Asks: 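The following block contains the structure, expressed as C-alpha cells.
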Protein chains: 2
Amino acid sequence: MTPANSAAVSTDADTQASNANSPEHNMMANAIRALAMDAVEQAKSGHPGMPMGMADVATVLFTKFMKFCAQDPSWPDRDRFVLSAGHGSMLQYSLLHLLGFEDMTIDQIKNFRQMGSLTPGHPEVDHTPGVEMTTGPLGQGISTSVGMALAERMLNARFGDDLVDHFTYVIASDGDLMEGISHEAISMAGHLKLSRLIVLFDDNGITIDGSLDLSESGDQIARFDAAGWDTIRIDGHDAAAIEAAIEHARTSDKPSLIACRTKIGFGAPTKEGTAGSHGAPLGADEIEGTRTALGWPSAPFEIPANVRDSWRVAGLRAAKDRAAWQARMDEAPDDVQAEFERTQAGSLPNALHSEVNKLKRGFSDEKKAVATRKASEAVLNGLAEVVPELVGGSADLTGSNNTRAKSQTSVTAEDYSGNYIHYGIREHGMAAAMNGMALHKGLIPYGGTFLVFADYCRPSIRLAALMKRRAIYVFSHDSIGLGEDGPTHQPVEHLAALRAIPNLNVFRPADAVETAEAWEVALKSIDRPSAIALTRQNLETLRTKHTDENLSARGGYEISPSDGDAKATLIATGSEVEIAMAAQKQLQAEGVPTRVVSMPCQDIFNEQPAAYREDILRPGTVRIAVEAGIEMGWQRYIGDKGGFVGMDSFGASAPYKELYEHFGITADAVAQAVRERL
Amino acid sequence: MTPANSAAVSTDADTQASNANSPEHNMMANAIRALAMDAVEQAKSGHPGMPMGMADVATVLFTKFMKFCAQDPSWPDRDRFVLSAGHGSMLQYSLLHLLGFEDMTIDQIKNFRQMGSLTPGHPEVDHTPGVEMTTGPLGQGISTSVGMALAERMLNARFGDDLVDHFTYVIASDGDLMEGISHEAISMAGHLKLSRLIVLFDDNGITIDGSLDLSESGDQIARFDAAGWDTIRIDGHDAAAIEAAIEHARTSDKPSLIACRTKIGFGAPTKEGTAGSHGAPLGADEIEGTRTALGWPSAPFEIPANVRDSWRVAGLRAAKDRAAWQARMDEAPDDVQAEFERTQAGSLPNALHSEVNKLKRGFSDEKKAVATRKASEAVLNGLAEVVPELVGGSADLTGSNNTRAKSQTSVTAEDYSGNYIHYGIREHGMAAAMNGMALHKGLIPYGGTFLVFADYCRPSIRLAALMKRRAIYVFSHDSIGLGEDGPTHQPVEHLAALRAIPNLNVFRPADAVETAEAWEVALKSIDRPSAIALTRQNLETLRTKHTDENLSARGGYEISPSDGDAKATLIATGSEVEIAMAAQKQLQAEGVPTRVVSMPCQDIFNEQPAAYREDILRPGTVRIAVEAGIEMGWQRYIGDKGGFVGMDSFGASAPYKELYEHFGITADAVAQAVRERL
C-alpha cells in the first residue's frame, strides 16, 4: 500500500472495532486470552499482556492464512511462524493447543514454565512441536525470519513452486524493533525483496519501563518504508482490517510490515494498556474482571465446546494443502525427490569425503606456505562443487575472509538461484539469517567476518548453539597475526569466549590440511554450529604426509612425535603450531625429547575418551600450551606445573612479526618455558 | 532543513564542484590526500580511499567550525570529533599534523602503523593526543558520540553555557550506518533531540565487496528523518555546500545528518570511486597519477610552505576560544570551579567511603535475605546522594535491574538536568553511549540489563576495556537462579566470557555487603570498566559482622574460616557462596575442617601478590569451586586435583530451586566432591 494509506492509524475506538468482529472470532481470540492469563497465573510468572493483546491478530492469521499440518508439524512446505516476541510464549502454546497439535495437551498448558513441560518460559525449537525457533532474546526472531524467507526463495529457485511455496510470518514487538539487529535484518530483507516475509508488529506503545515514549519517538512506518518494505498501520483488534492487511501483504512484491495497534493485556479491567500486564500474573481479581469484560464464562483451562470446535476446524483446514503438496512431490522426478529429501534431512553427499581427501592430498603434496584463510578458499572451491546446498557469504569482507568459491554466484532480489550472499556490514544480521536458513532446512549456511567481530554476532551464535543448528562461521584474521590493523581488530579473548559457549565447535586449524579437515567436521556436525578461525598470515604446511583419516576429528592429536621418550609436550593451535614445532627442534637439539600436539578443536577433544585424552596430553611430561590468545581454558591441558605462552593484554598496531616478538610468542619463549620446568 | 531539501543530490559534476572551491581550500584538502596516500604507501598497508574522499569535508569542518586547542587537546569545552570510520585514520593523523598538534610530527606520519608510533592502524584514545576515542569496529563511533553529545547537554544543564557549550562531530561511513548499533544510536539521539550532534556521512557508495548496491538499497535520508533527525544530502567536494550544511546543522533543534556524496580515493586516476582505493596502498604509478591530477607538486611527506601556513592559521584560530573559556571559568564561584574540576578529573567525593560503610553496616545489622539486585538498588539510593556525577539507566529493565535510585530523575529531550536514562531496548546503544559519557568526562555512567544480554553489548564493553574507561554494567538475573524464563535468559558462559576480556572487572557479590563493596571498587576503578553480576533470587546476608575494610577490594578472601586446620577449601561466588557455606557445615559436622573463600572478582584477585593468593587458595587443601556457570577459568584456582560444581550445558525453564537440584548445584554435591578427594 502507498505510504498515504499508512495514515490509517487506529483510534481509541479499538474496542468498538472488536465489537464489529464476529462473535465466533471474539470467542476464539478470547480462548487465547483466557489460556494465557490462566497459565501465567498458575505458573506465578510469565507474560500475559502480549498474548491478550495479539490474540485477534493471531486468530485471523491462523484461521485464515497459515498453512501448516498439526499432524506433521515439520512438513517442509508449511508456512513458518516465528514469535519474535518470545516472552509472549503463551500465545503460541495456546494456538498449538487450540489448533490440535497433539502433544500440546491442556496439561502442558497447566504446566507452563515447569520443569520438563513442553511449555517453557520462552518457545524452544525441537522441544515443542510446532515451534520454529527458540526466541526470547529480542530482535532475534525477526532477523532469523529473514533467513527463513530467503531460504524459501532460494529453494523455490531450485525446486520450483510445486515443492517450495510458503510464507514466513513474524509477530514482533517494540523491543524487537528497537534492537539494532532489526535494522540489519530489515535492510537485508528490503534489499533482497523478500516478499514472502510478513511482520505483524504488536504496536502497543508499552515497554517494561512504561510508556514507549519514555525511550522512543521514531516512526516505524517511515523507517520500514525507507528500507523498501510495504507498510500499513491497522487496528489490531479489527478482524476484517487484519485479514485485509495480510491478504494485501501476501500479494506485495516487497516484505511487509503490518503495524497492529493493540492494547496490551486486552480485556483486563485495570491493567489493559499498561506495563502492569506485561510481565507478571494479573492476579485473581483482575482475572475475574477480565472474564467478565470478555464475556468468557469458563473456568480456568476450560474451553467451551463450540469454541474448541471452531479452532479444530481451523486446525484441519490446512491438511488438504499438505496432501496436495505430497501429490506433487510424488510426481516429481526421482532425482529431484531424492535431492529434496537429502537436503531436507541435512545429509551430506557421498562425494564429500573423497573431495576433502583430494584437497588434503593436494595440500600435502604442494607443501606451500599459505594463509589458512586462503586454504579455506581452496577448500570451498572444492566443496561448492560437491555440496550444492552450501550457501556462502560474508559481512562485506569477501576478499579478506576468502569466503567465495569460484563457482558461486550472488543471490539477488532478481535471481535467488545463486549461492553466495553479500550480507553487507551486518555481522549480527548475517548470523541470524544463517540461523534462519539452518532452521528452515535444505541449505547449509556459512558466513564470514573477522574473528574480533564474532562479538557482534554473539547473541545469534549462542542461539545457533542452543538450537543445535549447523551454521558455520568463517572467522579470519584470528590473532595479532593480522598485524597493522591493531588492537581493535586483534582478537585476544575471542577463542576463549567462543569456546565458552556450550555446543559450539571452535576450530583453529594449523595449516591447509587441518583447514580442510575442519571444514569436513563442521559440515558433518549436523546439530552443532562451528566457528573456523583462520589466519591472515601465511603458514607452513605441516601435514606433509597425506592420510585419509581426519585427524582433526578427534579435536587434538600428536602432530609431531618426539625423538625418544618425551620429556615435554607442546600443545598449540593454528599459527602457533609451527612455533611449537620450531621450539621442538631447539629442544630436541639440546637433548630434550619433545612432542607437539595440535589442538584444532578443544570442544571435540574434550569429548574424547579419557584414555585418548591422557595419551595425547601426557601428564607426565612438561606441558606448555602456545596460543596467540589468553590463557583462560588452557589450564586443564597443561596442569598445575605447565606453562602458557600467549597474550595477557590487548594487542598493538605493527607488522605481525614484530608483534609476535613484542608479545613474546616465539619458539625461544616456548623452549625457555620448557627448560624452566625440566 | 525540510525533507524536500534532501533531494539536493549531487550529480556527476563532483569535480566541477571542487573546481569552484578556492585554490587555498583545494590545496589544504590535497595536503590531507597526499599525506594519506603516501603514509599508506610507506606502511604498505592502510586505507587511503576514505581520507582522500573526505578531505574536503574535513578541511571545511576543521578550518571553519571545530573548536579545539592544539596546545591543550583535552581542554574540556572543546568540540568533540569522532572518526567513526576509524580505518580512515590517516585523515585524522593528517589533520592533527597540519593543525599543529605538537606530538604529531611528520616522523609519526612516516611511521604510520609501526610499533610504538602515535599513528596506529586505527585511532586510539590516550595514545594519540587529539583522538577522542578508539575507533575501527564499525558503528561504535557514531553510537559512542551519542553519549558524548548527551554528556555535553547534561553537563550544560549542570554548569551552564559558560562552561559547557560544544558540538560533537562525527565522520561515519556506509559501514557505520549498516551496523545494527547505529539504529539504536540514531533512535536514541533523535528521541533525546541531541541537536549538538552532527554526523557527516561519507556517502561514497562503495564498500569492501564493491558497489554499495550489492548489499544495500535503503534510503539513509528517509531513515534518519524517521528517527527525528535533520537531514540533507550535499556534494561532499563542494566547500561552500559543506560549510552551509554544517552552519545549518549547528542551528537545528535536532541531531543532524549531512550525507556527503563523495568519491572514495578522490584524485586517483584509475581507482577513484572504486573499492580498489579502500583498503590497500594505491601503488607507485597510481600515486604519481594522483599527484598530477590534484596538481600536488611536493615529494612524499612534504607540504608546500603556503599550504602549511594556511593550516597553521586554522590551527591557531581556536586558541582564543580556549582563552575566553578560561576567563569565564576563573570568574565562576569557587565551589563550581572545584566541582567542575573534580568531576572532570574523575575523582570521587570524600563522602563515598563513609556512605558505603553506612550501607554495609546497615546490611550487616539487618541480616535480611535479599536479592543482590535489590541490595544494589539500596546501594544506589545511597550513592546517588553523595556522587552527583553518577548517571544511571537501563535498557528497559529498570524495575528488574533495580537500577534507579529514589532520588534520580529522568533525562528527557526537554530537560537534561536529570540523572537517569531510559535507554530503551537498546543494550548495545546503551553501552556505547556509556562509553561516550565516560570519554567525555564529568559523568560516571552505569547501565543495566540481564547478564545474558551482555552478549548484545559486548563490542562496546570490549572498547571500554581497551580505552580504559570507567563504565559500570549492572547485570542482573545472573544465572539459572532467574528460573522460569529458561535457557534463552540464563547466562551460563557469560561470567567466563566477560572475565576473558582484558582490563574488565567482573564482580559477582555474594550478599548485600559484597554488593556495596563491589560498587565502591567499581567507582574507584577509574581506568577500568566493571560488570556487576546480580541475582534475581534472595540471598542470605553472609557478612553479618561489619568491617570498614572493603574485603572485596582484594578480589577474593576467606569469608568463613575452618574449625581447626583446614582440609578443604570451597571457593565460590555470588549465590553459590551460601551453598558453599551449607556444604562447609555438613563437612565440619563430619569432622572435615573446611573453609570458604568468596571470590567476588577474579580479575582483581589475580593481581594480588602471590603470597596473598596462596594464602587464600591454600593449595594443600582439597579445593572445590562452586559457580552456577561453566568451569572455564576455574582450573587455576582449584588445581589438578580440585573439583568444580557448576554448569556444563545450557539451562532450562523451571522454578529456580528445582533447577539447582536438577543441575546438581547443591551443598550435597559440593560436600560429596570434597569427600571424593579426601
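Quick caveat, the model's predicted, so the values are computed rather than measured. Any value given below was found using the heavy atoms of this structure, including those in side chains, with hydrogens, waters and symmetry copies removed. So you know, we letter chains A, B, ... as the sequences are listed, proteins then strands, and number each from 1.
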Asks: Would you mind checking which part of A:D176 comes under 4.5 Å of any heavy atom in chain B, side chain (CB onward), backbone (N, CA, C, O), both or neither?
Replies: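 Neither part.
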
Asks: For B:I501, is it the side chain, the backbone, both, or neither that has a heavy atom closer than 4.5 Å to a heavy atom of chain A?
Replies: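 Contact with chain A is through both the backbone and side chain of B:I501.
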
Asks: Assign the ring pair B:H183 / A:H183 to parallel, tilted or perpendicular, where the plane angle (0 to 90°) is split at 30° and 60°.
Replies: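 B:H183 vs A:H183 ring planes: parallel.
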
Asks: For the candidates A:T488, A:L498, A:D219, which exhibits the highest count of non-hydrogen atom pairs separated by less than 4.5 Å from chain B?
Replies: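 When all of A:T488, A:L498, A:D219 are compared, A:T488 has the most.
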
Asks: Side chain, backbone, both or neither: which part of B:Q220 has a non-hydrogen atom closer than 4.5 Å to chain A?
Replies: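 Neither; nothing under 4.5 Å.
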
Asks: Contact part of B:H428 toward chain A, heavy-atom cut-off under 4.5 Å: side chain, backbone, both or neither?
Replies: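 Side chain only.
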
Asks: Measure distances from B:E661 to the heavy atoms of chain A and classify the residue's part below 4.5 Å as side chain, backbone, both or neither.
Replies: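 Neither part.
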
Asks: Please determine whether a side-chain nitrogen of the Lys or Arg among B:R462 and A:E493 lies less than 4.0 Å from a carboxylate oxygen of the Asp or Glu.
Replies: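 Salt bridge between B:R462 and A:E493, a charged N being under 4.0 Å from a carboxylate O: yes.
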
Asks: Among the options A:Q140, A:K641, A:E631, pick out the one with the most heavy-atom pairs lying under 4.5 Å from chain B.
Replies: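 Of A:Q140, A:K641, A:E631, A:Q140 has the most heavy-atom pairs under 4.5 Å with chain B.
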
Asks: Which one wins on heavy-atom pair count under 4.5 Å against chain B: A:G639, A:P137, A:A222, A:S143?
Replies: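 Of A:G639, A:P137, A:A222, A:S143, A:P137 has the most heavy-atom pairs under 4.5 Å with chain B.
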
Asks: Among B:L397, B:T119, B:T134, which residue forms the greatest number of heavy-atom pairs with chain A at distances under 4.5 Å?
Replies: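 The option with the most such pairs is B:L397.
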
Asks: Tell me, for B:T135 versus chain A, whether the close heavy atoms (under 4.5 Å) come from the side chain, the backbone, both or neither.
Replies: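 The backbone, not the side chain.
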
Asks: Inspect the contact between A:D485 and B:R113 and indicate whether a charged nitrogen and a carboxylate oxygen are less than 4.0 angstrom apart.
Replies: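 A salt bridge links B:R113 with A:D485.
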
Asks: Please test B:M178 against A:S187 for side chain to side chain contact (heavy atoms under 4.5 Å, CB included), starting from the C-alpha separation and ending with a verdict.
Replies: CA-CA 8 Å; B:M178 290 171 94; A:S187 296; over 6 Å; no

Asks: Any idea which of A:G218, A:P487, A:G424 has the most non-hydrogen atom pairs under 4.5 angstrom with chain B?
Replies: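 Heavy-atom pair counts peak at A:P487.
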
Asks: Counting heavy-atom pairs under 4.5 Å with chain A, which one of B:Q635, B:R404, B:H422 comes out on top?
Replies: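 Highest number of heavy-atom pairs under 4.5 Å: B:H422.
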
Asks: With a 4.5 angstrom heavy-atom cut-off, could you sort out which part of A:F112 is near chain B: side chain, backbone, both or neither?
Replies: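 Contact with chain B involves no heavy atom of A:F112 at all.
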
Asks: Less than 4.5 Å to any heavy atom of chain A: does that hold for the side chain of B:D213, its backbone, both, or neither?
Replies: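 Interface part for B:D213: backbone (N, CA, C, O).
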
Asks: Need one label for B:P123: side chain, backbone, both or neither, based on atoms under 4.5 Å from any heavy atom in chain A.
Replies: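 Contact with chain A is absent: no heavy atom of B:P123 under 4.5 Å.
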
Asks: Of the listed residues (B:L463, B:I186, B:L138, B:I181), which shares the most heavy-atom pairs with chain A below a 4.5 Å separation?
Replies: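 Of B:L463, B:I186, B:L138, B:I181, B:L138 has the most heavy-atom pairs under 4.5 Å with chain A.
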
Asks: Taking the side chain as C-beta and beyond, is there a heavy-atom pair between A:L659 and B:M115 under 4.5 Å?
Replies: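 In short, these two side chains touch, coming nearer than 4.5 Å.
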
Asks: Where on A:A413 is there a heavy atom nearer than 4.5 Å to chain B: the side chain, the backbone, both, or neither?
Replies: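 Neither; nothing under 4.5 Å.
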
Asks: Does any backbone or side-chain atom of B:F224 lie under 4.5 Å from a heavy atom of chain A? Answer side chain, backbone, both or neither.
Replies: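 Neither part.
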
Asks: Heavy atoms only: give me the nearest B:P502-A:V492 pair and the separation to one decimal.
Replies: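 Smallest interatomic distance, heavy atoms only, reads CG-CG1, 4.3 Å.
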
Asks: I'd like to verify something: which residue of B:H47, B:R426, B:H191 has the highest number of heavy-atom pairs under 4.5 Å with chain A?
Replies: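 If we count pairs closer than 4.5 Å to chain A, B:H191 comes out on top.
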
Asks: For B:H122 and A:H489, indicate whether the former's side chain and the latter's backbone hold a donor-acceptor pair under 3.5 Å.
Replies: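 No.
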
Asks: Could you go through residues 648-658 of chain A and list every donor-acceptor pair under 3.5 Å that involves a side-chain atom there, pairing it with any protein atom two or more places apart or in another chain?
Replies:
from   : atom 1 : to     : atom 2 : distance (Å)
A:S653 : OG     : A:E484 : O      : 2.7
A:S653 : OG     : B:G121 : N      : 2.8

Asks: Show your reasoning for whether side chain to side chain contact (heavy atoms under 4.5 Å, CB included) applies to A:S217 and B:K193.
Replies: CA-CA 10 Å; A:S217 30; B:K193 292 200 167 62; over 6 Å; no

Asks: Heavy-atom distances under 4.5 Å only: say whether A:I630 touches chain B with side chain, backbone, both or neither.
Replies: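 Just the side chain, heavy atoms under 4.5 Å.
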
Asks: Check each atom of B:I461 against the heavy atoms of chain A and say whether the ones under 4.5 Å are side chain, backbone, both or neither.
Replies: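 Contact with chain A: none, neither part.
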
Asks: Among A:A497, A:P459, A:G483, A:G116, which residue forms the greatest number of heavy-atom pairs with chain B at distances under 4.5 Å?
Replies: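 Counting heavy-atom pairs under 4.5 Å, the top option is A:P459.
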
Asks: Closest heavy-atom contact between A:I425 and B:G175?
Replies: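 Scanning both residues, the minimum pair turns out to be CD1-CA, 3.3 Å.
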
Asks: Tell me which of these, A:A227, A:G486, A:A496, A:S400, has more heavy-atom pairs under 4.5 Å with chain B than the rest.
Replies: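 Most heavy-atom pairs under 4.5 Å with chain B: A:A496.
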
Asks: Using 0.5 Å steps for rounding, measure from the CZ atom of A:R636 to the CH2 atom of B:W634.
Replies: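 Output value for this atom pair is 14.5 Å.
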
Asks: Step by step, work out the side chain to side chain contact (heavy atoms under 4.5 Å, CB included) result for B:E179 and A:E184.
Replies: CA-CA 7 Å; B:E179 289 287 357; A:E184 304 184 19; 3.7 Å; yes

Asks: Quick one: what part of B:A465 sits under 4.5 Å from any heavy atom of chain A, side chain, backbone, both or neither?
Replies: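 Contact with chain A: backbone and side chain both.
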
Asks: To check you understand the geometry: which heavy-atom pair defines the closest contact between B:D396 and A:D209, and what is its length?
Replies: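 That would be OD1-N, 2.8 Å.
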
Asks: Side chain, backbone, both or neither: which part of B:H127 has a heavy atom under 4.5 Å from chain A?
Replies: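 The answer is neither part of B:H127.
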
Asks: B:Y456 side chain to A:R458 main-chain N or O, any donor-acceptor pair under 3.5 Å?
Replies: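 No; judged by distance alone, with no hydrogens or angles, the pair does not exist.
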
